[in-house]
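What follows is a single structure, written as structure tokens, with notes after it.
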Amino acid sequence: CGDICKIPSSDIPNFDLLCAGFPCQPFSQVGQKGGLNDERGQLIFEVLRILKDKQPKAFILENVKGLQSISGGKVYQLILDELKKVGYKVQSKILEAKDYGTPQLRKRLFFVGVRNDIKIDFDFPKPLPLKYTFSQIMQGVTQREYSFTIRIGGRRSGINNRFNWDCYM
């Protein structure tokens, strides 16, 4: 539909659950760590605008775990405070993909919010057993039980790079 920064909230249909993953590059350990000084990092304010204006029953936001520590934790606390200000009970937690049935080492920070007027207490799910091994997914025998987060560069990352899927076979 276009650039969310240019779409008025009134043009967005009502909904019950907002799921969003705002850009992680400004908060990543491997990035420039620009935080909210990076234009991409400021997109969280568009999420906040939509939450404030549309007031869905709940939301789930996802980002890299580095968001918790960037700028000494100030950015994380600001986001948490702003989510509460727009009318939500908020929980946050770093979850590891391997703890939820996926053979991948991928930690992500989740924010889950339930609108203040809804009488539900949210609890993050308990870990689950591994559903598929990495060998099963790769249809062969791999050296590791879990994969690392796979870099976007993929095959261009260097065959021995631990973030390259080619080095697992």
Side-chain angles (χ1 to χ4, degrees), residues 15-31 33 35 40-41 43-44 47-48 50-51 54 56-73 75-84 86-169:
F15 55 92
D16 290 329
L17 176 67
L18 180 129
C19 295
F22 49 102
C24 64
Q25 297 92 333
F27 311 111
S28 174
Q29 295 299 319
V30 295
K33 299 181 187 79
R40 297 168 296 181
L43 284 174
I44 183 59
V47 173
L48 288 162
I50 293 166
L51 284 171
K54 301 307 289 186
K57 293 177 182 175
F59 67 81
I60 301 169
L61 306 179
E62 174 270 338
N63 211 290
V64 292
K65 69 177 187 164
L67 190 146
Q68 253 187 347
S69 58
I70 195 101
S71 300
V75 171
Y76 168 78
Q77 193 60 53
L78 173 80
I79 291 171
L80 202 55
D81 291 345
E82 292 300 315
L83 290 167
K84 290 175 182 178
V86 297
Y88 292 86
K89 299 173 283 193
V90 183
Q91 304 262 352
S92 70
K93 188 172 185 177
I94 294 174
L95 302 178
E96 173 86 67
K98 75 173 182 61
D99 294 334
Y100 296 91
T102 303
Q104 185 181 29
L105 301 174
R106 186 176 179 89
K107 292 181 181 177
R108 287 294 180 267
L109 173 64
F110 288 86
F111 294 91
V112 176
V114 177
R115 205 172 58 212
N116 286 333
D117 65 319
I118 297 174
K119 305 299 178 211
I120 292 176
D121 292 322
F122 173 80
D123 290 319
F124 280 93
K126 296 190 182 339
L128 302 169
L130 186 64
K131 190 168 185 169
Y132 301 102
T133 66
F134 192 54
S135 292
Q136 288 171 314
I137 290 172
M138 296 299 287
Q139 298 177 345
V141 177
T142 60
Q143 295 175 358
R144 296 178 177 95
E145 186 175 353
Y146 302 102
S147 74
F148 290 97
T149 298
I150 295 173
R151 183 191 317 213
I152 292 171
R155 295 182 189 278
R156 296 183 304 270
S157 301
I159 191 68
N160 295 317
N161 185 301
R162 71 183 186 116
F163 294 109
N164 188 326
W165 58 80
D166 290 341
C167 80
Y168 289 103
M169 299 305 250

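Nothing here was measured: the structure is a model prediction, and the numbers come from that model. If you read the sequence from its start, that first residue is 1, and numbering goes on from there.
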Next on the checklist: Show the nearest heavy-atom pair for residues P56 and L51, with the distance to one decimal.
Outcome noted: CG-CD2, 3.7 Å
Item to check | Flag side-chain contact, heavy atom, 4.5 Å: F110 against K93 | outcome: no
Checklist outcome for this item: Here the pair of heavy atoms bringing K89 nearest to K119 is NZ-CA, 4.3 Å
Next on the checklist: Going by salt bridge (charged side-chain N to carboxylate O under 4.0 Å, His left out), name the residues that satisfy it together with D81, two or more places apart in sequence or in a different chain.
Outcome noted: none
Next on the checklist: Would you compute the distance between atom CD of Q91 and atom CG of L80 and round it to the nearest 0.5 angstrom?
Outcome noted: 9.5 Å
Checklist entry - Side-chain contact, heavy-atom cut-off 4.5 Å: L67 with I79? => result yes
Checklist entry - How long is the span from the CG atom in N63 to the CZ atom in R108, to the nearest 0.5 Å? => result 8.0 Å
Checklist entry - R115 and D117: which non-hydrogen atoms are nearest, and at how many Å? => result NE-OD1, 2.6 Å
Item to check | Name of the residue among V86, V112, L83 meeting side chain to side chain contact (heavy atoms under 4.5 Å, CB included) with F59 | outcome: L83
Checklist entry - Does the gap between the ring centers of F111 and Y76 come in under 6.0 Å? => result yes
Item to check | Atom of Q68, atom of I94 and distance for their closest heavy-atom approach | outcome: OE1-CD1, 3.1 Å
Checklist entry - Which residues pass the ring-ring contact (aromatic ring centres under 6.0 Å, His included) test with F122, sequence neighbours left out? => result F124
Item to check | Pairwise side-chain contact, L78 with I44, heavy-atom cut-off 4.5 Å (strictly under) | outcome: no
Checklist outcome for this item: Taken to the nearest 0.5 Å, the spacing of L95 CG from K98 NZ works out to 11.5 Å
Checklist entry - Do the side chains of L18 and K54 get nearer than 4.5 Å, heavy atoms only? => result no
